[in-house]
Amino acid sequence: MTERQVLRGFLANIDTIPPLIVTFQFNPETLSDNKTVNFADRSADLCGDAPDKQYIGGGNRTISFQLQLHGLEQGANALNPSGVDNGISTELAKLRSFLYPKSDAWASINALFGGEGGMRLNAPPTCVFGFGTCILECIVTKVTITETQFNSALAPVRAAVDIGLTVIEKGALYELDK
């Protein structure tokens with residue numbers, strides 16, 4: 001009898017080398033997928049009928065969910081130990097990285113050593129969100145971390161993380177999802 005493996009959701013930044021992948025320890029219990037459309041009142045016609053609505057454009061498709069992160073007891077995670085007693089600091093740092101602008105590492109180093117300053121402001125990276133049959137390119141718009149338990153070194157070992165995504169509605173992944 002073959003063992004069945006549980007599918008896990010993920011967020012990935014495939015623009016980095018190596019790719020930065022956050023695999024969900026526990027899949028979210030609920031996931032909100034919202035799409036808005038915009039309408040405007042149209043003037044009444046000559047017959048005096050009440051105004052009706054006219055479609056003026058689509059809004060963003062947003063996805064939101066909550067992740068639960070749980071660190072392991074000291075020494076229990078020999079394959080992927082983190083800096084402080086196997087806390088979840090590394091996973092939290094990965095999630096936060098989706099909000100920070102991409103930077104040119106060489107320009108940053110050059111500026112530190114008195115070179116030409118003035119780094120350009122880049123947008124945060126896009127990510128690939130995977131959950132079951134849904135695989136979409138997105139922008140992370142919100143990461144709210146609530147740390148709920150700490151180890152003896154005060155490193156977080158449990159947290160609830162609220163994630164907000166805006167779907168990029170172009171490209172092959174979006175077309176496949178439609």
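Here the structure is a predicted model, which means the values were calculated and not measured. All residue numbers refer to positions in the sequence shown, counting from 1. Below, all heavy atoms of this structure are taken into account, side chains as well, without hydrogens, waters or symmetry copies.
Shown here is L99, whose CG atom has more than 12 heavy atoms of other residues, nucleotides or ligands within 6.0 Å.
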- Task: Please report the C-alpha distance between V157 and I88 in whole Å, then the side-chain angles of each, then the deciding distance to 0.1 Å, and finally whether the side-chain contact (heavy atoms from CB on, under 4.5 Å) criterion is met.
- Result: CA-CA 5 Å; V157 293; I88 57 172; 5.5 Å; no

- Task: Verify side-chain contact (heavy atoms from CB on, under 4.5 Å) between L67 and D162, making sure each step is shown before the conclusion.
- Result: CA-CA 6 Å; L67 295 177; D162 291 313; over 6 Å; no

- Check the pair F26, H70 against side-chain contact (heavy atoms from CB on, under 4.5 Å), reporting the backbone distance first and the verdict last. CA-CA 9 Å; F26 306 98; H70 297 272; 3.0 Å; yes

- Are Y55 and V37 close enough, and set up right, to give a side-chain contact (heavy atoms from CB on, under 4.5 Å), and what steps lead you there? CA-CA 8 Å; Y55 175 76; V37 293; 3.9 Å; yes

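Listed here is the closest heavy atom pair of N38 and G59: ND2-N, 4.2 Å. Closest heavy-atom contact between P156 and S89: CD-OG, 3.5 Å.
Summarising the geometry, atom CD belonging to E91 is positioned 6.5 Å from atom CD belonging to Q25; distances are rounded to the nearest 0.5 Å. Within the model, atoms SG of C127 and CG of L95 stand 10.0 Å from one another, a figure rounded to the nearest 0.5 Å. How far OG1 of T23 is from CD1 of I21: 6.5 Å, rounded to the nearest 0.5 Å. Between atom CG of residue D41 and atom CD1 of residue I56 there is a gap of 10.0 Å, rounded to the nearest 0.5 Å. Atom CG of residue L11 and atom CD1 of residue I163 lie 6.0 Å apart, to the nearest 0.5 angstrom.
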For residues 134-150, tabulate all N or O donor-acceptor pairs below 3.5 Å that involve a side-chain atom, not counting sequence neighbours.
unit_1, atom_1, unit_2, atom_2, d
E137, OE2, T126, OG1, 3.1
T141, OG1, G164, O, 3.2
T148, OG1, R158, O, 3.4
Q149, OE1, R158, NE, 3.2

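Applying the salt bridge (charged side-chain N to carboxylate O under 4.0 Å, His left out) definition to pairs two or more places apart or across chains, those involving residues 17-34 are D33-R61.
In the hydrophobic clustering of this structure, F10 groups with L173; members are Ile, Leu, Val, Met, Phe, Trp, Tyr whose side-chain heavy atoms approach within less than 4.5 Å, directly or through other members.
A distance-only check finds no donor-acceptor pair linking the side chain of N60 to the backbone of T62 [under 3.5 Å]. A distance-only check finds a donor-acceptor pair linking the side chain of N27 to the backbone of G9 [under 3.5 Å]. Although no hydrogens or angles enter the test, the distance criterion places no donor-acceptor pair under 3.5 Å between the side chain of E169 and the main chain of Y174.
Taking the six-membered ring for Trp and thresholds of 30 and 60 degrees, F24 and F131 have ring planes inclined between 30 and 60 degrees apart. Aromatic ring orientation, F129 versus F65: parallel (interplanar angle below 30°, classes split at 30° and 60°).
S64 places none of its side-chain heavy atoms less than 4.5 Å from the side chain of L165.
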